[in-house]
Amino acid sequence: MATKLAALIVLVAFLAEPPACEGDIICFNGWLRLPIQDPRLCPPGSRMRSGIPRQLVPRPSGLGLGFGYYNNRSSRSSYCPRAEGIVRATVSKAVAAEPGIGAGLIRLFFHDCFVRGCDASVLLTETNSNNSDTEREGQPNKNSLRGLEVIDAAKAAIEAACPGRVSCADIVAFAARDASSILSNRRINIRMQGGRFDGRESFANETDQLPGPFSGATVLQSNFRAKGLTSDEMVTLSGAHTIGRARCAFFSSRFSEMDPAFAAKLRARCDDDTNVNQDHVTPDVLDRRYYQDIIDRKVLFTSDAVLNSTETIKQVKENANKAGMWERKFERAMENMGKIGIKTRRGKDAEIRKVCWRVNN
Ligand code: HEM
Ligand SMILES: *[C@@H]1O[C@H](CO)[C@@H](O)[C@H](O)[C@H]1NC(C)=O
Ligand SMILES: *[C@@H]1O[C@H](CO)[C@@H](O)[C@H](O)[C@H]1NC(C)=O
Ligand SMILES: *[C@@H]1O[C@H](CO)[C@@H](O)[C@H](O)[C@H]1NC(C)=O
Ligand SMILES: *[C@@H]1O[C@H](CO)[C@@H](O)[C@H](O)[C@H]1NC(C)=O
């Protein structure tokens, strides 16, 4: 019952959105699942807004970032040797109390980096433009992000130790690294650089650059390519769906495509709750189980299931079968994700925020 209601609410929200296609640019982006693909809404030849970028997007270089960035004594404006330790302690405490927060922190990093680069724009409720429809209001984030209070707590402790030196963007990146280490029982050790500055703008409408649960393989690949990441990295990073939770409205339309016993369990759980665990066996362990689940048709979203496509099934099988392979790839892919669209010097669009949810005055 709760599920049906949730599905209805989501549907109504979709119908209240402006038409999915406007002129020849805006089309279905993977978060809105249209009940009928009306050809008038998406005329042939119209391009998806999150469509395949024409020009080759360069790989993020990470130029300006460094390991141990806050440990450099000769750089006074960024010296804060306790910073990474404070993040680690804050994350450890929060994840011990509630492992789902660790999942939230890993996803927060993804949602930050894919929109305006890794600049903590995802955290803002008060921006330079004074707009209230920030990224947090965007469909992928609203009523969904977790772990924001962990970032705020780490930031407060760091500001007390060395004010004005450590960016919120770096705290988000370090927190994702630490959550990955803890939830994988130390099997995943990401080398995460520092040196990102915080942005001053955040717009809800830009969250359409994030792929959605109804996205197909081509859209997933092009969304990642648009950020300079490869299809292989897309497959690798999707493995994060081995932890955390998901709302039933995002997958209840595809029970019939799933393993029947798995679907039956989900259906029952969705009758009692709006959320389920993404991984049905080890929901709080960051492991490679996701890939076997794809093969066994025990994943939730269309965007998970389509990784069985001819182009990506090879990586899925390798990740499922070769011990340690996915873990190493995940470490590198997270490091690369942390290089997307970074700002590495102070400027009119880049600062070290005092508080993570609002820009400095
Ligand atoms: C490939 C395209 C992706 C799509 C379409 C996608 C979509 C989603 C959706 C719909 C949810 C459920 C949200 C909710 O019901 O509130 C979710 C949860 C989650 N996603 Fe993704 N995601 C993708 C990639 C990623 C990546 C790259 C990461 C991180 C590396 C990630 C990490 C997570 C985590 C950890 C959760 C659980 C969050 C929690 O429990 O709070 N996802 N994702
Ligand atoms: C430390 O900071 C100084 C001054 O900004 C810089 O010249 C030097 O390259 C930095 N060292 C490292 C290892 O990053
Ligand atoms: C935003 O609000 C502040 C303070 O009220 C004001 O100084 C600033 O000019 C406003 N900025 C814009 C772009 O409207
Ligand atoms: C996104 O929203 C902002 C205001 O919140 C607006 O100024 C901008 O034009 C919008 N962009 C698009 C592409 O709709
Ligand atoms: C991939 O999975 C979907 C849904 O589980 C299924 O309909 C489709 O036949 C599978 N495709 C391949 C190539 O295995």
Side-chain angles (χ1 to χ4, degrees), residues 6 10 29-31 33 50 64-79 98-114 126-132 139-148 176-177 179-180 183 188 190 193-195 200-201 209-217 219-224 227 229 231 233-252 273-279 283-284 286 290 299-307 312 330-331 333-334 336-338 340 345 358-359 361:
V10 170
N29 78 353
W31 282 90
R33 194 179 63 87
S50 51
L65 299 182
F67 297 107
Y69 179 85
Y70 294 106
N71 304 337
N72 184 351
R73 270 176 211 282
S74 32
S75 179
R76 281 179 151 242
S77 61
S78 66
Y79 183 61
E98 162 66 61
I101 297 298
L105 289 168
I106 293 169
R107 184 170 186 239
L108 190 63
F109 176 57
F110 165 48
H111 284 207
D112 183 29
C113 292
F114 260 56
E126 293 179 20
T127 68
N128 179 53
S129 294
N130 299 329
N131 58 312
S132 55
Q139 214 199 343
N141 294 331
K142 200 176 170 104
N143 302 322
S144 182
L145 293 180
R146 292 201 277 178
L148 298 162
R177 169 195 64 189
S180 300
L183 293 178
I188 291 175
I190 300 160
Q193 298 174 313
R200 291 176 48 81
E201 301 289 5
Q209 297 169 40
L210 288 159
F214 303 107
S215 295
V219 170
L220 293 175
Q221 284 169 331
S222 67
N223 281 172
F224 277 69
K227 302 297 164 188
L229 299 189
S231 171
E233 284 171 316
M234 183 273 289
V235 174
T236 300
L237 290 166
S238 295
H241 287 175
T242 176
I243 49 171
R245 65 188 187 190
R247 278 170 285 178
C248 295
F250 292 140
F251 57 82
S252 52
D273 203 348
T274 46
N275 284 304
V276 301
N277 287 332
Q278 301 208 75
D279 181 329
D284 297 326
L286 189 62
Y290 174 76
V299 286
L300 302 179
F301 310 135
T302 301
S303 62
D304 299 318
V306 296
L307 300 186
T312 50
F330 188 75
E331 288 163 351
M334 288 285 277
N336 281 330
M337 191 156 72
I340 298 172
R345 57 184 70 221
R358 68 164 176 244
V359 294
N361 288 321

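Below, each value reflects all heavy atoms present in this structure, side chains not excepted, and no hydrogens, waters or symmetry copies. Every number for a ligand or one of its atoms is a count from 1 in the order of the listing.
- Looking at Arg146 next to ligand 1, an N or O pair under 3.5 Å apart turns up.
- For atom 4 (C) of ligand 3, no protein heavy-atom neighbour is found at a distance under 4.0 Å.
- Distance screen at 4.0 Å: atom 11 (N) of ligand 3 has a protein heavy-atom neighbour inside the cut-off.
- Of all atoms in ligand 1, listed by their number and element, those nearer than 4.0 Å to a heavy atom of Ala240 are 28 (C), 29 (C), 30 (C), 31 (C), 32 (C), 35 (C).
- Looking only at distances, no side-chain donor or acceptor of Trp31 sits under 3.5 Å from a matching main-chain atom of Pro213.
- Using a 4.0 Å cutoff on heavy atoms, Ser238 counts as a contact of ligand 1.
- For atom 14 (O) of ligand 3, the protein comes within 4.0 Å by at least one heavy atom.
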Side-chain donor-acceptor distances from residues 242-251 under 3.5 Å, at least two apart:
unit_1, atom_1, unit_2, atom_2, d
Thr242, OG1, Asp279, OD2, 3.0
Thr242, OG1, Val285, O, 3.4
Thr242, OG1, Asp287, OD1, 2.7

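- Listed by number with element, the atoms of ligand 1 under 4.0 Å from a non-hydrogen atom of Pro211 are 2 (C), 5 (C).
- Here's the thing with Arg245: one of its N/O atoms is less than 3.5 angstrom from an N/O atom of ligand 1.
- Atom NE2 is the N, O or S atom of His241 at the shortest distance from atom 21 (Fe) of ligand 1.
- Between Arg247 and ligand 1, at least one N/O pair is under 3.5 Å apart.
- Remark: distances from the non-hydrogen atoms of Asn128 to ligand 3 include one below 4.0 Å.
- For ligand 2, the atoms sitting less than 4.0 Å from at least one non-hydrogen atom of Ser75 are 2 (O), 5 (O), numbered in the order shown with element in parentheses.
- Within ligand 2, counting atoms from 1 as listed, the ones closer than 4.0 Å to a heavy atom of Ser74 are 1 (C), 2 (O), 3 (C), 4 (C).
- In terms of N/O distances under 3.5 Å, ligand 1 is approached by Ser144.
- Distances shorter than 4.0 angstrom do not occur between any heavy atom of Gly66 and any atom of ligand 2.
- Taking 4.5 Å as the limit, every side-chain heavy atom of Asn223 sits out of range of all side-chain heavy atoms of Met234.
- Counting atoms of ligand 1 from 1 in the listed order, those under 4.0 Å from a heavy atom of Phe250 are 10 (C), 14 (C), 15 (O).
- Within the structure, the closest approach of Trp31 to ligand 1 falls below 4.0 Å when heavy atoms are considered.
- Put simply, the side chain of Asn72 does not reach to within 4.5 Å of the side chain of Tyr79, judged on heavy atoms.
- Although no hydrogens or angles enter the test, the distance criterion places no donor-acceptor pair under 3.5 Å between the side chain of Thr302 and the main chain of Phe214.
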